[in-house]
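Within every chain, numbering begins at 1; the chains are lettered A, B, ... in the order of the sequence lines, protein sequences first and strands thereafter. These numbers come from the heavy atoms of this one structure, side chains and all, not from hydrogens, waters or symmetry mates.
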Protein chains: 2
Amino acid sequence: MSLRYALLALLRVGPLSGYDLQKQFSLSVGHVWHAPDSQIYPELRKMETEGLIEGEEQPRGQRATRRVYHVTETGDLAFLEWLQTPLAYARVRDPAHLRAAYLEAATPKVARAFLQAHIGQWEGELAQWEGELVRIAVVDNPMLVRRLAGTRPGDRDRTIAFKRFTYEGLVDRARGEIAWARRGLELVDGLEGSGGAWAALPAARA
Amino acid sequence: MSLRYALLALLRVGPLSGYDLQKQFSLSVGHVWHAPDSQIYPELRKMETEGLIEGEEQPRGQRATRRVYHVTETGDLAFLEWLQTPLAYARVRDPAHLRAAYLEAATPKVARAFLQAHIGQWEGELAQWEGELVRIAVVDNPMLVRRLAGTRPGDRDRTIAFKRFTYEGLVDRARGEIAWARRGLELVDGLEGSGGAWAALPAARA
DNA sequence: GCGGCCATGTAAGTGGTTACATGATTGA
DNA sequence: TCAATCATGTAACCACTTACATGGCCGC
C-alpha cells in the first residue's frame, strides 16, 4: 500500500514515465522502499484507473512511444491524506534475530559466519545511506534538486531537514545492527574460549 | 520461509499440538517472528507431508482429538542446515522512514502525531522485549525452562547467552527508533519556531 | 446449562518476488 | 551491425492478512 505513495511522492515534483520512475526510484525513495519494475508498471496503471495520476502517450523515435504520468488533484489530495493516516505497523518478523536466538545449536564457525554476513549486509546499507546523507548535504541528488527547484525558498530548509532526518535514522539503525553483531562475535569468542565443549560437533546430537 | 524453522525450533524441545505451538509462539519465538494460527496450522500440515515433522492423533475427551507433532530426524537436520545457510535479507521497505522523508508536506501537528505514534509503537515493543530479558535473567519463560531441562548443564549458559544477545539487539533497536523519533519532535519544534511560515496551510498548496 | 477455552481449520485477497518476454532506439 | 539502454509489461508463485467457520470439552 505504500508503493503508490512512494510513486506519488516522486511524481509530485514533476511528470515522469514508468521507466524514469523506475530509475529515480533506485536513486531516491528506493533507499527506503524498494520496488522492482515489474511492480511499478502495473501499479501505475492501477493508479491511473483510480484517478490518482494521468498518463500521456508521447512519441519516441518513429514507432515507439512512452507513457508520461502526472499527478491529478485527486492524487495530490490522496498523498496529503496518506501523510495524516496513522501508520500501519507490520508485526515483527525478523529473520536475523530469529536466527540469532538459536545460534547455540550451530558451531562457532557457523555462528561467526552468520554474524559477519550480518555486518557485511548492514555495512552495505550504511554506505548507501551515508552516501545519500552526503548528497543531501551538498544538494547533489537529482531528485532532490528537482524538488527544491519547485519549492518556495523558505520551504527548502524544511525539505532538506526531513530528508536528513530520515537518512540519519537509517544510518543509526545500520550502526546499531553492526554494533550488535560485533558484540555477538565477542560473545562467540567468549563462549568458545571459556571451557565449554562447544563445537564438539553439537550438530551431531541425534 | 522462516516460519517453518521457528516452528521446528519450538518442536525440537518437545512434541506439541498446533494449538500449543500457537500459544507458545506468542510467548517465545513470536517476539521475533509473528504468525497467526491461520498460518500455523496449514504450515504444520505442509511440514508433515514434507517429512519434517510427524503428527499423532491423541484422544481428548470422548469424541475430540488433538494432533501432536514431533520433529523427525529429517526435520532436525533441516533445522541444523538452515542455521548454516546464509540469511536472505529482504530489500528495504520501511513505511516509517518513507513517511518521515515527506513530513515537510504535512502540518507540524500531523508530523508530531506521526512521531509520537512511532514512539508509542516502539515503546510497546520495547516493553515486550525488556520483559523477555527479565524472564531470561530469572529463567522464568516456560519455553526456555523446557529447553534448558533437555540441555546438558554445560550448554545452558550458551543457550541463555544467545537468547539474551537476541533480545538485547531488539531492545537496542527499539531504543534507537524512540531516540530518532524524539529528535524528530525537536526538529519539528525548531522548524516551527524559527520564522518559517510552516503550518500556513501547506496542505492547501494547489 | 453455559461461557470460555481447546482445537483446527478454510477462503478470499494483497503485496511482493522471480523469471520471462518483447521490441524499438541510439550511439559506437 | 551490434550492444546498451529505453520502454513496458505478463505469469506463476509465495507469504502473509483478515475474516469467517465449526464444534467439542471443562469447570462453575
Side-chain angles (χ1 to χ4, degrees), chain A residues 1-8 15-27 29-30 32-50 53 55-69 82 87-95 98, chain B residues 1-8 10-11 15-27 29-30 32-50 53 55-69 82 87-95 98:
Chain A
M1 204 54 328
S2 289
L3 174 57
R4 60 175 49 196
Y5 299 104
L7 292 170
L8 278 177
L16 289 170
S17 71
Y19 187 80
D20 296 334
L21 237 8
Q22 189 222 111
K23 293 280 139 180
Q24 294 303 330
F25 218 82
S26 51
L27 300 173
V29 222
V32 288
W33 194 274
H34 167 81
D37 45 343
S38 68
Q39 210 188 345
I40 291 176
Y41 287 112
E43 183 66 22
L44 287 171
R45 289 288 179 173
K46 216 173 139 203
M47 287 164 75
E48 187 170 17
T49 69
E50 292 178 37
I53 57 177
E56 203 187 336
E57 290 289 327
Q58 283 186 356
R60 184 175 70 100
Q62 299 307 305
R63 279 178 288 287
T65 59
R66 58 192 229 119
R67 193 166 184 80
V68 175
Y69 294 97
W82 168 72
L87 255 198
Y89 286 89
R91 308 300 295 265
V92 55
R93 197 166 279 122
D94 186 326
L98 173 63
Chain B
M1 204 54 327
S2 290
L3 174 57
R4 61 175 49 193
Y5 299 105
L7 292 170
L8 278 177
L10 287 184
L11 284 175
L16 289 171
S17 70
Y19 187 79
D20 295 335
L21 272 170
Q22 188 223 113
K23 294 280 138 183
Q24 294 301 330
F25 219 82
S26 51
L27 300 174
V29 223
V32 288
W33 194 275
H34 166 81
D37 45 344
S38 68
Q39 209 188 344
I40 290 176
Y41 287 113
E43 183 66 22
L44 288 171
R45 290 287 180 173
K46 216 173 139 203
M47 287 163 74
E48 187 170 17
T49 68
E50 292 177 37
I53 58 177
E56 204 188 335
E57 290 289 326
Q58 284 186 357
R60 184 174 69 99
Q62 300 307 305
R63 275 177 293 286
T65 61
R66 56 192 230 118
R67 193 165 183 83
V68 175
Y69 293 96
W82 168 72
L87 254 198
Y89 286 88
R91 309 299 295 268
V92 55
R93 198 165 279 122
D94 185 328
L98 173 63

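Rounded to a whole Å, the CZ atom of B:Arg4 is 12 Å from the C1' atom of D:dC14. Atom CG of B:Asp37 and atom P of C:dG9 are 11 Å apart (whole Å). Taking atom OH of A:Tyr41 as the reference point, atom P of D:dT10 lies 12 Å away to the nearest angstrom. A:Gln24 has its CD atom 12 Å from the P atom of D:dC6, to the nearest Å. One atom, CD of B:Gln22, and another, C1' of C:dT8, lie 9 Å apart when rounded to the nearest Å. The CD-C1' distance, from B:Glu48 to C:dG9, rounds to 15 Å in whole Å. For A:Glu43 and C:dT17, the CD to C1' distance is 15 Å, given to the nearest whole Å. We find that CE of B:Met1 is positioned 5 Å from P of D:dA15, with the value rounded to whole Å.
Pairs engaging residues 18-27 of chain B under the salt bridge (charged side-chain N to carboxylate O under 4.0 Å, His left out) rule: B:Asp20-B:Arg66 [sequence neighbours left out]. For residues 38-48 of chain A, the set of pairs meeting the salt bridge (charged side-chain N to carboxylate O under 4.0 Å, His left out) definition, not counting sequence neighbours, comprises A:Arg4-A:Glu43, A:Glu48-A:Arg67.
Applying the 3.5 Å distance criterion, the base of D:dT8 shares no donor-acceptor pair with the side chain of A:Ser38.
With sequence neighbours left out, B:Trp33 forms a ring-ring contact (aromatic ring centres under 6.0 Å, His included) with no residue at all. With sequence neighbours left out, the side-chain contact (heavy atoms from CB on, under 4.5 Å) criterion links B:Asp37 to B:Gln22, B:Tyr41. Residues meeting the ring-ring contact (aromatic ring centres under 6.0 Å, His included) test with B:Tyr5, sequence neighbours left out: B:Trp82.
If you take CG on B:Leu7 and CG on B:Leu21, they are separated by 6.0 Å, rounding to the nearest 0.5 Å.
Between A:Arg93 and the phosphate of D:dC16, there is a side-chain N or O to OP1/OP2 separation shorter than 4.0 Å. Under 4.0 angstrom from either OP1 or OP2 of C:dC6 there lies at least one side-chain N or O belonging to B:Tyr19. Proximity of B:Lys46 to the phosphate of D:dA15: a side-chain N or O atom is located under 4.0 Å from OP1 or OP2.
Mapping A:Leu3 and B:Gly18 onto DNA chain C by nearest heavy atom places B:Gly18 closer to the 5' end of the strand.
Within residues 55-67 of chain A, the residues approached by DNA chain D to less than 4.0 Å at the level of any non-hydrogen atom are A:Arg60, A:Arg66, A:Arg67, in residue-number order.
Taking each heavy atom of A:Leu98 and B:Ser2 in turn, the nearest pair found is CD2-CB, 3.8 Å.
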